[in-house]
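Side chains included, hydrogens not; waters and symmetry mates left out as well; all remaining heavy atoms used. It should be emphasised that the depicted structure is a prediction, and the values quoted were computed from it without experimental measurement.
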Amino acid sequence: MSVSNIDNDIARTAGGSVPSALRRNAGWLAAGVIILVLLADQIMKIWVKTHFYLGEDLELTSWFHLKFIENNGMAFGLELWNKLILTFGRIVAVALFIWALVRLTSFRELRTGFIVSVALITAGAAGNIFDCVFYGVLFNNPMPPELAVAFPPDGGYSTWFEGRVVDMLYFPLFDFYWPEWMPGVGGQYYEFFAYIFNIADASICVGVALLILFYSRDFSLAFNLLGSKEKGNAAEKSETDRKP
């Protein structure tokens, strides 16, 4: 079923029809999406962490593997800032997403698919925070081929807020060697989509893709609505303060 069909009965403009029951319960739907993504993400990560040794690669098909790696930084393994700054930055970002999401669910002008997209992004960002905050204390980090255990008697491999993010989804769709005559890359090996990620990362990517492809109008409208509501609240507070 296409996204347009999903939103067919709930899409509306500012002067449109009365929202459907699904739109009225958008807040519960967003909460359900976040909980489901977080559960799926953490169950998968804990299973891989305790059943795979670091670097183990399980080939399910030629184009889909489960390969256990750990990411100490941002997306695609980047390490641009101090780990603690990165973790607290993620927490602040998720808090802002949740604040915005709570407010957005009250605006009937926004389509349900837009709310779900924001919920997917929020859930993905929150999923990776769990790893950073807790995994350094909850798990050890033995040398391969030993497996990690939860609640090790000698303590975890790091401290609170300095855990590493678990990645495992690997899609080596195809690979080849560049022809020798190609300048700069001739003879080099190339693998298409060599990135390894997790369910939380996928949730963020799907949410962003939905926003770009289907909900750009709602994205602009959401900013305008949030801005007008804040101005309205400020004006109301100012008027209250002026009353004797």
Side-chain angles (χ1 to χ4, degrees), residues 1-45 64 71 74-76 78 86-87 89-132 165-169 171 193 195-230:
M1 181 181 292
S2 68
V3 174
S4 58
N5 288 334
I6 294 173
D7 269 342
N8 189 46
D9 68 320
I10 48 82
R12 79 182 204 119
T13 58
S17 57
V18 177
S20 68
L22 180 61
R23 182 59 190 85
R24 288 194 299 270
N25 293 304
W28 290 107
L29 180 60
V33 167
I34 292 174
I35 291 171
L36 285 175
V37 170
L38 287 177
L39 284 175
D41 180 63
Q42 288 302 307
I43 289 171
M44 186 69 173
K45 285 175 176 175
F64 175 40
N71 176 6
M74 300 179 68
F76 309 119
L78 298 175
L86 178 61
T87 301
R90 283 171 168 162
I91 293 173
V92 171
V94 170
L96 290 175
F97 269 113
I98 293 173
W99 170 84
L101 191 56
V102 170
R103 287 179 172 262
L104 292 175
T105 55
S106 66
F107 298 132
R108 304 301 183 188
E109 297 87 351
L110 301 173
R111 291 177 288 176
T112 304
F114 173 76
I115 302 298
V116 170
S117 301
V118 177
L120 286 170
I121 297 171
T122 305
N128 285 331
I129 286 176
F130 277 93
D131 304 33
C132 296
V165 176
V166 174
D167 293 322
M168 79 296 291
L169 302 176
F171 292 87
F193 209 77
Y195 303 111
I196 303 172
F197 56 99
N198 55 48
I199 293 175
D201 298 329
S203 181
I204 294 173
C205 292
V206 170
V208 170
L210 288 173
L211 288 181
I212 294 172
L213 295 175
F214 302 105
Y215 299 109
S216 56
R217 178 185 68 81
D218 299 78
F219 187 76
S220 303
L221 181 59
F223 268 101
N224 293 333
L225 289 170
L226 284 173
S228 1
K229 187 166 185 178
E230 289 305 310

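- Leu101 and Ile115 make their closest contact through CD1-O, 3.9 Å (heavy atoms, listed as atom of the first residue, atom of the second, distance).
- For the atom pair Arg111 CZ and Asp218 CG, the distance stands at 4.0 Å (nearest 0.5 Å).
- Applying the 6.0 Å contact sphere to CZ of Phe171 captures more than 12 heavy atoms from other residues, nucleotides or ligands.
- Of all heavy-atom pairs between Ile204 and Ala125, the closest is CD1-N, 3.6 Å.
- Here the CG atom belonging to Leu169 is positioned 9.5 Å from the CD1 atom belonging to Ile196, to the nearest 0.5 angstrom.
- The CH2 atom of Trp28 lies 9.0 Å from the CD1 atom of Ile35; values are rounded to the nearest 0.5 Å.
- For the pair Asn128 and Lys45, the tightest heavy-atom approach, listed with the atom from each and the gap, is OD1-NZ, 3.0 Å.
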Worksheet item: Going through the distances and angles, do Phe107 and Leu226 end up as a side-chain contact (heavy atoms from CB on, under 4.5 Å)?
Response: CA-CA 9 Å; Phe107 298 132; Leu226 284 173; 3.9 Å; yes
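- Taking both residues in full, the closest heavy atoms of Leu211 and Ser117 are given as CD2-CB, 3.6 Å, listed atom of the first, atom of the second, then distance.
- Pairing each heavy atom of Val37 with each of Leu120, the nearest pair is CG2-CD2, 4.1 Å.
- No donor-acceptor contact under 3.5 angstrom links the side chains of Asp131 and Asn71, judged on distance only.
- The backbone N or O of Ile199 sits nowhere less than 3.5 Å from a side-chain atom of Ser203 that would complete a donor-acceptor pair.
- Across every non-hydrogen atom of Thr87 and Cys132, the tightest pair is OG1-CB, 3.6 Å.
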Worksheet item: Can you list the steps and then say if Asp41 with Asn198 is a side-chain contact (heavy atoms from CB on, under 4.5 Å)?
Response: CA-CA 7 Å; Asp41 180 63; Asn198 55 48; 3.8 Å; yes
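- Counting heavy atoms from C-beta on, the side chains of Tyr215 and Leu110 never come closer than 4.5 Å.
- Relative orientation of the Phe114 and Phe219 rings is perpendicular, given thresholds of 30° and 60° on the angle between their planes.
- For the pair Leu38 and Phe130, the minimum side-chain heavy-atom distance is below 4.5 Å.
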